[in-house]
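Heads up: the structure comes next, in structure tokens.
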Amino acid sequence: MTRQQLVDQIFSKQSYLCVGLDTDITKIPKHLLSNADPVFEFNKQIIDATRDLCVGYKLNTAFYEAMGTRGWRSLEETVNYIPSEHFKIADAKRGDIGNTSSQYAKAFFETLNFDAVTVAPYMGEDSMKPFLEYDGKWAIILGLTSNAGAKDFELQKFVTKTDLLDEGIHIEKHGTKFLYELVLEKVSKWGNPNNLMFVIGATQPNEFINIRQLTPEHFYLIPGVGAQGGILKEISEKAMIKDTSTRAQCGILVNLSRAIIYASDKENFAEEARNISKQYQLEMASFLPC
């Protein structure tokens, strides 16, 4: 999916909602467990109930890998069922030496036909490059995450040094930056706004203004709204691209998982998932420029 196709979907549906199908078989309604593939049946009903209200679906592969081969089959069935108009994200957090990353990219972009995969950037450019070599596919890089452990590395400050030459005099200029800032600045040069997004957690709202200055044109995948405490209004105001000359471009995808898919554990779970999705879609519409 190209950037323009994604933007067109956002403005057509007046929504930048991404539904997280992080499906835990121990949490789905009990009446589904007698189904031949209860996880896929659950996902199918969630998709049917929300497809007109969201622009994408994110599958956290861990929930499927944990079930072995049957989980992988559920993942494949789900990806194949998602309509082609939707942005399909494999939340796999891959990233390894080049030849290994090439196989990861092949798995998610060719075998499974996802549009995007989340990638950890800490092994450097060669570990990311294979994900950026596919036309119409995206690497979504971990930038500033929503978990409490973000403070252990991402929010640590480092001394940076710039060598200057002022009238023949050598000067060393030092400054401090968060690690995540260094990552955003470096990684944004390896790709472009048409194949590279960043994961930016909604639980770090005060950082969004600075982040948007560092990466003014990139899309962000934003987890952490809802169950983790992020506030949609605050995130939309601080993170969205509001350039009306280019139809705003929006620039954000807000992912909600538990708040939507586990809105009910009864037989009406899909109806309740739709109700919650509709509430978010209407709120998002109010934040999008005309």
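One is the number of the first residue; the rest follow in order along the sequence.
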Derivation of the side chain to side chain contact (heavy atoms under 4.5 Å, CB included) call for Leu132 and Met128: CA-CA 7 Å; Leu132 299 171; Met128 284 184 45; 4.3 Å; yes
Nearest atoms (heavy-atom pairs only) where Thr118 meets Ala92: OG1-N, 2.9 Å
Contact summary for Phe87 and Ala116, nearest pair of heavy atoms: CZ-CB, 3.7 Å
Residue pair Lys157, Lys177: steps toward the side chain to side chain contact (heavy atoms under 4.5 Å, CB included) verdict: CA-CA 5 Å; Lys157 283 196 169 182; Lys177 291 184 178 181; over 6 Å; no
Student check: side-chain heavy atoms of Lys93 and Val119 closer than 4.5 Å: no
Aromatic ring proximity Phe153/Tyr122, centre distance under 6.0 Å: no
Distance-minimising heavy-atom pair for Phe287 and Ser236: CD1-OG, 3.5 Å
Parallel, tilted or perpendicular: ring planes of Phe269 versus His31, cut at 30 and 60 degrees: tilted
Atom NZ of Lys129 with >12 non-hydrogen neighbours under 6.0 angstrom: no
Any side-chain heavy-atom pair of Pro83 and Ile47 under 4.5 Å: yes
ILVMFWY cluster, Val117 and Met123 together (side-chain gap under 4.5 Å): no
Glu77 and Arg73 ion-paired at < 4.0 Å: no
Single-linkage hydrophobic cluster, 4.5 Å side-chain cutoff, Phe178 and Leu182 together: yes
Cluster overlap Phe158 with Leu144, hydrophobic side-chain contacts below 4.5 Å: yes
Gln14 atom CD, neighbour heavy-atom count above 12 within 6.0 Å: yes
Expected output: side-chain Tyr57 to main-chain Arg51 donor-acceptor under 3.5 Å: yes
Side chain proximity check, Leu17 to Ser277, heavy atoms < 4.5 angstrom: yes
Identified side-chain hydrogen bond (donor to acceptor under 3.5 Å, both in side chains) partner of Tyr180 from the options Glu185, Glu154, Glu207: Glu207
Flag, side chain of Ser146 to backbone of Gly224, donor-acceptor distance under 3.5 Å: no
Salt bridge Lys58-Asp22, side-chain N to carboxylate O under 4.0 Å: yes
Side chain to side chain contact (heavy atoms under 4.5 Å, CB included) evaluation trace for Leu256 with Val19: CA-CA 5 Å; Leu256 285 109; Val19 175; over 6 Å; no
Joint cluster assignment, Leu253 & Leu282, ILVMFWY side-chain distance < 4.5 Å: no
Whether Gln5 side chain and Thr2 backbone form a donor-acceptor pair below 3.5 Å: yes
Any donor-acceptor N/O pair, Gln9 side chain to Leu6 backbone, under 3.5 Å: no
Point-to-point distance, once rounded to the nearest 0.5 Å, from CG of Leu32 to NZ of Lys44: 11.5 Å
Under 3.5 Å: donor-acceptor pair, side chain of Asn268, backbone of Glu271: no
Side-chain heavy-atom pair Phe198, Val187 within 4.5 angstrom cut-off: yes
Test log, rule side chain to side chain donor-acceptor pair (under 3.5 Å), inputs Asn80 and Thr78: CA-CA 5 Å; Asn80 291 335; Thr78 299; over 6 Å; no
Cluster overlap Ile231 with Ile211, hydrophobic side-chain contacts below 4.5 Å: no
Closest non-hydrogen atom pair between Gly56 and His86, with its separation: N-CD2, 4.0 Å
Pairing of Lys137 and Asp135 as salt bridge, 4.0 angstrom limit: no
Residue pair Asp24, Phe42: steps toward the side chain to side chain contact (heavy atoms under 4.5 Å, CB included) verdict: CA-CA 10 Å; Asp24 183 343; Phe42 176 83; over 6 Å; no
Quiz item: cation-pi between Arg212 and Tyr220, 6.0 Å / 45°: yes
Chi angles and distances behind the side chain to side chain donor-acceptor pair (under 3.5 Å) call for Lys278, Gln281: CA-CA 5 Å; Lys278 183 63 176 177; Gln281 182 271 320; 3.2 Å; yes
Side-chain (Ser15) to main-chain (Leu53) donor-acceptor, under 3.5 angstrom: yes
Ring-face cation contact, Phe114 with Lys88, 6.0 Å cut, 45° max: no
Approximate separation, where rounding is to 0.5 Å, of Tyr16 OH and Leu221 CG: 13.5 Å
Polar side-chain atom of Thr111 near backbone of Phe108 as donor-acceptor pair, under 3.5 Å: no
Test side chain to side chain donor-acceptor pair (under 3.5 Å) applied to Asp8 and Gln4, step by step: CA-CA 6 Å; Asp8 287 346; Gln4 190 59 55; 2.9 Å; yes
Val225 side chain reached by Tyr280 side chain, heavy atoms, under 4.5 Å: yes
Approximate separation, where rounding is to 0.5 Å, of Ile89 CD1 and Asp115 CG: 8.5 Å
Residues Glu41 and Gln45: side-chain donor-acceptor under 3.5 angstrom: yes
Side chain to side chain donor-acceptor pair (under 3.5 Å) between Asn43 and Thr23, intermediate numbers included: CA-CA 8 Å; Asn43 290 347; Thr23 307; 2.6 Å; yes
Spacing of CG belonging to Leu59 relative to CD belonging to Glu76, to within rounding of 0.5 Å: 11.5 Å
Close side-chain approach of Asp91 to Ile140, heavy-atom, < 4.5 Å: no
Sub-4.5 Å side-chain heavy-atom contact between Pro38 and Ile25: yes
Greater than 12 external heavy atoms within 6.0 Å of Glu65's CD: yes
CG-OG1 distance between Leu21 and Thr50, expressed to the nearest 0.5 angstrom: 7.5 Å
Exam field: side chain Thr100 to backbone Asp96, donor-acceptor pair closer than 3.5 Å: no
Min side-chain heavy-atom separation His218-Ser188 under 4.5 Å: yes
Check: Arg3 main-chain N/O paired with Trp138 side-chain donor or acceptor under 3.5 Å: no
SB check Lys189 Glu125 (cutoff 4.0 Å): no
Minimal non-hydrogen separation, Phe131 against Phe109, with atom names: O-CE1, 3.5 Å
Value rounded to 0.5 Å, distance of CD in Glu272 from CG in Asp265: 10.5 Å
Closest approach of Ala259 to Ala263 (non-hydrogen atoms, all atoms of both residues): O-CB, 3.8 Å
